[in-house]
Amino acid sequence: MDIKEKLEMIKKEAIEMLNSGIDLEAIRVKYLGKKGELTAVLRSMGQVAPEDRPSIGKLVNEANAYIEQAIENKKSSFMEKAMQAKLLAETIDVTEPGKKVDVGHRHPISQTEEKLVDIFVGMGFSVVEGPEIEYDYYNFEALNLPKNHPARDTQDTFYITDNILLRSQTSPVQVRTMENTKPPIRIISPGRVYRADPADATHSPIFHQMEGLVVDKGITMGDLKGVLELFAKKVFGENTKIRFRPHHFPFTEPSAEVDVSCWECGGKGCRVCKGEGWVEILGAGMVHPFVLKNCGIDPNVYSGFAFGMGIERIALSVFGIDDMRLFYENDERFLKQF
Ligand code: DAH
């Protein structure tokens, strides 16, 4: 076989190998490498007549270029195929409907709390917070409820020690505020409170209150009434009236329970107000001189009013819900309605 024939054979063989799918690098080494077949041909040039050497050399170079090109072609066709497969696998159908993300919303208790806070902030009150784990002193004693006072019974709570408990009301924030702020004071304090009550439609061992406190020179019950009247109209509607009923709280004197005219029937009597025409919504009164004195405020110079309301109770009325337990069950079918 002469060199020409040999070169043709090498080319043919190389192409066959390429088409059979063998590793491209192995083919490159076998034909084009230093110990490859074409190099071997070059080495055998000694047997070629000197005048034929240039043309044979040219043929070897051509064969080299030919095989190299074939390898390159094969390589790009592999890459092309791989790219097609990748594109196919990663296809995005932009016409497909999007995945719906369920966006949550504020819990009805939080919504109510925010609404109440907004109303009082609009009247110039600031918001302060107090601890839920509280000293007996702040929760009871400083509020004129000494140990063994019978009024403690209605606010039985959870005790951590004899002197540390889960606060049963937001009223201790009154004491904490008066202790470290000089009048004029105008604050509200929303937050969680605790009582050792079994859960039923109107009770829960954990619930929320919002306290209010105003202390300044010359504060009267008229100021209390004006503030609560505005508040009631904003929450229950412009035609709402309020009514004070005498009551007893140890930390206010005089004290009152405050009713609003029924938002459902306007006062005629219906299922919501149980025929009364009025619905009780909060407790209030003039801050007891004993409490002022306890907090280092001179009752001969300053006077104040305070009020406390249950946020759940207001949420129940605003949303027309009849069972408090629904608020805490985390049932989305319920929560989604508000
Ligand atoms: N802390 C009272 C309760 O939980 C509510 C209350 C009544 C708060 C009268 C007050 C108030 O600030 O003046 O029953």
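Note that ligands are numbered from 1 as they come in the structure, with each ligand's atoms numbered from 1 the same way.
A perpendicular orientation is assigned to the rings of Phe290 and His288, their planes being inclined by more than 60° (bins at 30° and 60°).
Here's the thing with Phe251: none of its N/O atoms is less than 3.5 angstrom from an N/O atom of ligand 1. For the pair Gly212 and ligand 1, the shortest N or O to N or O distance does not fall below 3.5 Å.
A cation-pi arrangement is present between Arg176 and Tyr138, with the terminal nitrogen or guanidinium carbon under 6.0 Å from the aromatic centre and inside a 45° cone about the axis.
Within a 6.0 Å radius of CD1 in Ile133, no more than 12 heavy atoms belonging to other residues, nucleotides or ligands are found.
In terms of protein heavy-atom proximity, atom 12 (O) of ligand 1 is closest to Glu211 OE2, 2.6 Å. Regarding atom 1 (N) of ligand 1, its nearest protein heavy-atom neighbour is Gln169 OE1, 2.6 Å. Counting only heavy atoms of the protein, atom 14 (O) of ligand 1 lies nearest to Gln155 NE2, 3.6 Å.
Heavy atoms only, all atoms of each residue included: Phe327 and Ala315 are closest at CZ-CB, 3.7 Å. Asn19 and Lys74 get closest at one heavy-atom pair: OD1-NZ, 3.4 Å.
Under 4.0 Å from ligand 1, the heavy atoms of Ala284 that appear belong solely to its backbone.
Annotation for ligand 1: atoms under 4.0 Å from non-hydrogen atoms of Ser171 are 1 (N), 8 (C). Contact atoms of ligand 1 toward Ala306: 12 (O), 13 (O) (distance under 4.0 Å to a heavy atom of the residue). Listed by number with element, the atoms of ligand 1 under 4.0 angstrom from any heavy atom of Gly285 are 13 (O). In summary, the atoms of ligand 1 found under 4.0 Å from a heavy atom of Phe249, numbered by their order in the structure, are 7 (C), 9 (C). Counting the atoms of ligand 1 from 1 in the order shown, those under 4.0 Å from a heavy atom of Gln174 are 12 (O). The distance from ligand 1 to the heavy atoms of Thr252 drops below 4.0 Å at these ligand atoms: 13 (O).
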> Could you go step by step and tell me if Gln209 and Gln169 meet the side chain to side chain donor-acceptor pair (under 3.5 Å) rule?
Replying inline: CA-CA 7 Å; Gln209 285 188 337; Gln169 48 186 349; 5.9 Å; no
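For Gln209, the heavy-atom gap to ligand 1 drops under 4.0 angstrom. At a 4.0 Å cut-off, at least one heavy atom of Arg195 sits close enough to ligand 1 to count as contact.
Only one option out of Trp263, Phe334, Phe338 pairs with Phe319 in a ring pair (Phe, Tyr, Trp, His ring centres under 6.0 Å); it is Phe338.
Under the 4.5 Å side-chain heavy-atom criterion for ILVMFWY residues, no single connected hydrophobic cluster contains both Ile187 and Leu224.
In summary, Arg325 and Asp323 engage in a salt bridge, as defined by a charged side-chain N under 4.0 Å from a carboxylate O.
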